[in-house]
Amino acid sequence: AQSVTQPDIHITVSEGASLELRCNYSYGATPYLFWYVQSPGQGLQLLLKYFSGDTLVQGIKGFEAEFKRSQSSFNLRKPSVHWSDAAEYFCAVGLYNQGGKLIFGQGTELSVKP
Amino acid sequence: GAVVSQHPSWVICKSGTSVKIECRSLDFQATTMFWYRQFPKQSLMLMATSNEGSKATYEQGVEKDKFLINHASLTLSTLTVTSAHPEDSSFYICSASRGVSYNEQFFGPGTRLTVL
């Protein structure tokens with residue numbers, strides 16, 4: 001069965017520090033992978049996506065993610081976190097053979113210390 | 001481009017009444033729309049997938065008669081929560097797909113439903 005795991009429920013980093021949010025997936029075929037960010041009471045904003053090609057993808061707001069097939073991972077990174085990055089982050093896998101259905105991870109809440 | 005709106009953004013209703021939530025794709029035609037439910041501090045759970053002009057496909061465990069979904073046009077889908085009860089209180093989010101390659105979904109801002 002398809003699944004997405006985000007091992008860290010909550011992470012706190014200092015402003016200016018680097019960030020890595022972990023995401024592992026289980027899917028029988030080549031996945032379409034996404035990272036979304038959600039601020040409290042808001043919808044989801046797409047940070048970046050991977051469909052094929054270069055395994056290091058760049059997104060908005062200075063985020064990047066690397067697809068590692070051997071580890072079934074798609075970790076999100078940012079070299080220097082800003083206070084405005086505090087939010088909930090969701091990793092998702094797209095099931096292109098099921099009408100594009102998305103399976104979401106549990107989410108990681110990011111807090112930023114001044 | 002690829003903007004999705006939802007209306008209302010929040011709604012409070014009495015137990016036993018029905019509530020309709022609209023999801024619109026503003027600048028593209030959405031062949032497929034998705035409805036999600038999100039409880040506080042939890043992930044998004046897919047409720048159903050709807051394609052324009054056909055019946056919605058509900059996920060296991062979602063009551064079809066309680067959550068009525070209509071996708072009447074390529075830019076509008078509606079979710080009606082019938083005979084709402086306090087346990088239906090949640091954050092409902094829709095998304096829309098253009099149906100082109102990769103079927104990327106574009107999300108609406110969500111609707112907060114509170115049932116008293």
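Within every chain, numbering begins at 1; the chains are lettered A, B, ... in the order of the sequence lines, protein sequences first and strands thereafter.
- Under the 6.0 Å cut-off for aromatic ring centres, A:F34 and A:Y50 do not qualify, their centroids lying 6.0 Å or more apart.
- Of the atoms belonging to A:F104, heavy atoms from both backbone and side chain fall under 4.5 Å from chain B.
- A salt bridge is absent between A:D85 and A:K61: the closest approach of a Lys/Arg side-chain nitrogen to an acidic carboxylate oxygen does not fall below 4.0 angstrom.
- Only the side chain of A:E109 comes within less than 4.5 Å of a heavy atom of chain B; its backbone N, CA, C and O stay farther away.
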Chi angles and distances behind the side-chain contact (heavy atoms from CB on, under 4.5 Å) call for A:Q2, A:L95
CA-CA 9 Å; A:Q2 308 92 350; A:L95 310 182; 3.7 Å; yes
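- Per-residue heavy-atom pair counts under 4.5 Å with chain A were compared for B:T49, B:I93, B:L44, and the maximum is reached by B:L44.
- With a 4.5 angstrom heavy-atom cutoff, B:Y36 touches chain A only via side-chain atoms.
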Worked verdict on A:L102 versus A:Y36 for side-chain contact (heavy atoms from CB on, under 4.5 Å):
CA-CA 12 Å; A:L102 287 176; A:Y36 291 91; 3.7 Å; yes
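- Between A:R22 and A:E20 there is no salt bridge, since no side-chain N of the basic residue sits under 4.0 Å from a carboxylate O of the acidic one.
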Determine, step by step, whether A:F63 and A:Y89 satisfy the ring-ring contact (aromatic ring centres under 6.0 Å, His included) criterion, reporting the C-alpha distance in whole Å, the side-chain angles of both residues, the deciding distance to 0.1 Å, and the verdict.
CA-CA 12 Å; A:F63 286 94; A:Y89 291 80; 5.7 Å; yes
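- Heavy-atom distances place the side chain of A:K49, and not its backbone, under 4.5 Å from chain B.
- In this structure, chain A has a heavy atom under 4.5 Å from the side chain of B:Q38, while its backbone stays farther away.
- Note on A:Q38, A:Q6, A:Q45: by heavy-atom pairs under 4.5 Å with chain B, the leading option is A:Q38.
- Neither the backbone nor the side chain of A:E88 comes within contact range of chain B; no heavy atoms are under 4.5 Å apart.
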